[in-house]
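These values consider heavy atoms only, across backbone and side chains, with no hydrogens, waters or symmetry-generated copies. A note on names: the letters A, B, ... follow the listed sequences, proteins ahead of strands, and every chain is numbered from 1.
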There are 2 protein chains.
Amino acid sequence: MKKDSQFMTLTNSEENYLKAIYHLSDGGKKGVSTNDIASSMKTKPASVSDMLRKLGEKEVINYRKYYGVQITEEGRNYALQVIRKHRLWEVFLVDKLKFNWDEVHEVAEQLEHVRSPLLTQRLDEFLNFPKFDPHGDPIPDEFGDVKARPRIALNDMEVNAAGQIVAVKDSSAAFLRYLDKVGAYIGARVKLLDKVEFDGSVEILVDQKTLFMSKDVASNILIVVT
Amino acid sequence: MKKDSQFMTLTNSEENYLKAIYHLSDGGKKGVSTNDIASSMKTKPASVSDMLRKLGEKEVINYRKYYGVQITEEGRNYALQVIRKHRLWEVFLVDKLKFNWDEVHEVAEQLEHVRSPLLTQRLDEFLNFPKFDPHGDPIPDEFGDVKARPRIALNDMEVNAAGQIVAVKDSSAAFLRYLDKVGAYIGARVKLLDKVEFDGSVEILVDQKTLFMSKDVASNILIVVT
DNA sequence: ATTGTATTTTAGGGTTGGCTAAAAAATAAT
DNA sequence: ATTATTTTTTAGCCAACCCTAAAATACAAT
Ligand SMILES: [Mn+2]
Ligand SMILES: [Mn+2]
Ligand SMILES: [Mn+2]
Ligand SMILES: [Mn+2]
């Protein structure tokens, strides 16, 4: 039951599952378990099994019962196009509509399913072909290619090293609000002033302001060292 | 089973039906028949009956079996909010993303269902609170109020009267393309030069260019006389 | 008033996507 | 190597939305 990727269309729900599988498998590298998908999608494992069968038939994943599932080349490309739309819309919401970066996710989750290649292309153009979304995640191009940047967690920086905040691991609204409150943001230039051996907490400089962060927080902030 | 309009949500399909009923009833004035809804939605009458029962239970329409259906105040307000979103997105597509006015409908049909009051409000702001969409149709405000303009069909203008094209009755892609080809467009200033008694066709002036149009075409072009 | 036709609804069925409870398979523990 | 536990799948159900075919109702014509 193979469908050519050019003409294949998945339902919104199938797209959401495929995207989750893509993310959980770290871009298609690792296999993913039914339970992990269920918890990340907030559905029940039984529903996931059902969906995996369907996605398997459409050949966007390789599905062997009772063993994990792996995304196929076909599926990876499809997922990347949905992710591309998701992140382009996030840029639109923040850059053009002045949303805060912690307000965009739910809306982008809807907008990513709008089907119109022309719309995606024109939006990309309108936004000036952005390469990264407001959370610092790379935006795949129309061929699914992503411009990766080598990143390390903030607490893995060397003392006195400088860099730029490019992404967060935990993009929950709560965490994003916390960062806003203390004055950290994507794109901010940071310098690691000190590391406390005892608890792994760090002292950093952001916009001439000194901040203290727990190891827990710092490990969720990703940096490109420059 | 009444739900307060503040918290009521309809499915995408229910929203499409309600919008169709609103349009067919001329803004809620007239009653609408099952068959009319079916043909305008390109579904079967049996499906419409099913949906009418559901919309009746949610009290957005008054439904009496075997008789027509009328939209309620509740339903009218809901429909107007969907129409508001539809037309705002059309403005966005044409003004910002450089879509042609005959390319926007299908995409707006999807975008109108995105649920985010903040998005709608910010989009409105971003577009500078437009009052009319690219087809000249009025955009309801957040309270559902519309700024109506008195319009007449082009072929009902007096000879030598001048005005502005503000809308089209038939907004099929075919018709819109025809208009583009002959050089007519929403916003164009027109003057009626002559009316042919015999067949009702007209001679008009658009951008220093003289055009002939059949009565059929002219009756689908709406003018605000100035 | 009765009959015929057009309209509308109901009955029954298919697909998608979700659920719970029970069965099956894989994995871990003894 | 058994047994116990965890994971995954199947079975059976429900809701939304669409369909066709058949029945019911309304409306028009005599
Ligand atoms: Mn989504
Ligand atoms: Mn993002
Ligand atoms: Mn729609
Ligand atoms: Mn329009």
For this session: Could you check A:K54 against B:R53 and say which one's nearest nucleotide on DNA chain C is further toward the 5' end?
Result: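 Whichever sits nearer the 5' end wins; that is B:R53.
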- Which sits closer to the 5' end of DNA chain C, B:S33 or A:E14, going by the nucleotide each is nearest to?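 Final value for this comparison: B:S33.
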Nucleotide nearest [X] (side chain, heavy atoms from C-beta), chosen from [options]:
| X | options | value |
| --- | --- | --- |
| A:S13 | C:dT9, C:dG18, D:dT8 | C:dG18 |
| B:T11 | C:dT8, D:dC18, D:dA16 | D:dA16 |
| B:Y66 | C:dC19, C:dG18, C:dT8 | C:dT8 |
| A:M51 | C:dG18, C:dT9, D:dT20 | C:dG18 |
| B:A46 | D:dC17, D:dT9, D:dA21 | D:dA21 |
| B:T43 | D:dT10, C:dA24, D:dC18 | D:dC18 |

Considering only NZ, NE, NH1 and NH2 on the basic side and carboxylate oxygens on the acidic side, decide whether B:K58 and B:E74 come within less than 4.0 Å.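 Here B:K58 does not pair with B:E74 in a salt bridge, since their nearest N and O are not under 4.0 Å apart.
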Looking at A:E15 and A:R115, does any basic side-chain N land under 4.0 Å from a carboxylate oxygen?
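Salt bridge between A:E15 and A:R115, a charged N being under 4.0 Å from a carboxylate O: yes.
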Less than 4.0 angstrom between a side-chain N/O of [X] and OP1 or OP2 of [N], yes or no?
| X | N | result |
| --- | --- | --- |
| A:S47 | C:dC19 | yes |
| B:Y67 | C:dT9 | no |
| B:N35 | C:dA6 | no |
| B:K44 | D:dC17 | no |
| B:S49 | C:dT9 | yes |

| request: Apply side chain to side chain contact (heavy atoms under 4.5 Å, CB included) to the pair B:Y178 and B:D170, showing each step before the final yes or no. | output: CA-CA 11 Å; B:Y178 163 80; B:D170 175 356; over 6 Å; no
Look at the side chain of B:K131 and the backbone N and O of B:P138, then say whether any donor-acceptor pair between them is shorter than 3.5 Å.
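Pair absent, no side-chain N/O of B:K131 close to backbone of B:P138.
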Have a look at B:T34 and say if it touches a base, only the backbone sugar-phosphate, or nothing, with a 4.0 Å heavy-atom cut-off.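 Sugar-phosphate, backbone atoms only, no base.
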*Please assess A:Y17 against A:Y22 for the test ring pair (Phe, Tyr, Trp, His ring centres under 6.0 Å), listing each intermediate value before the final yes or no.*
CA-CA 9 Å; A:Y17 272 97; A:Y22 176 89; over 10 Å; no
Between C1' on C:dA21 and CG on A:D50, what's the gap in Å once rounded to a whole number?
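Between C1' of C:dA21 and CG of A:D50: 15 Å.
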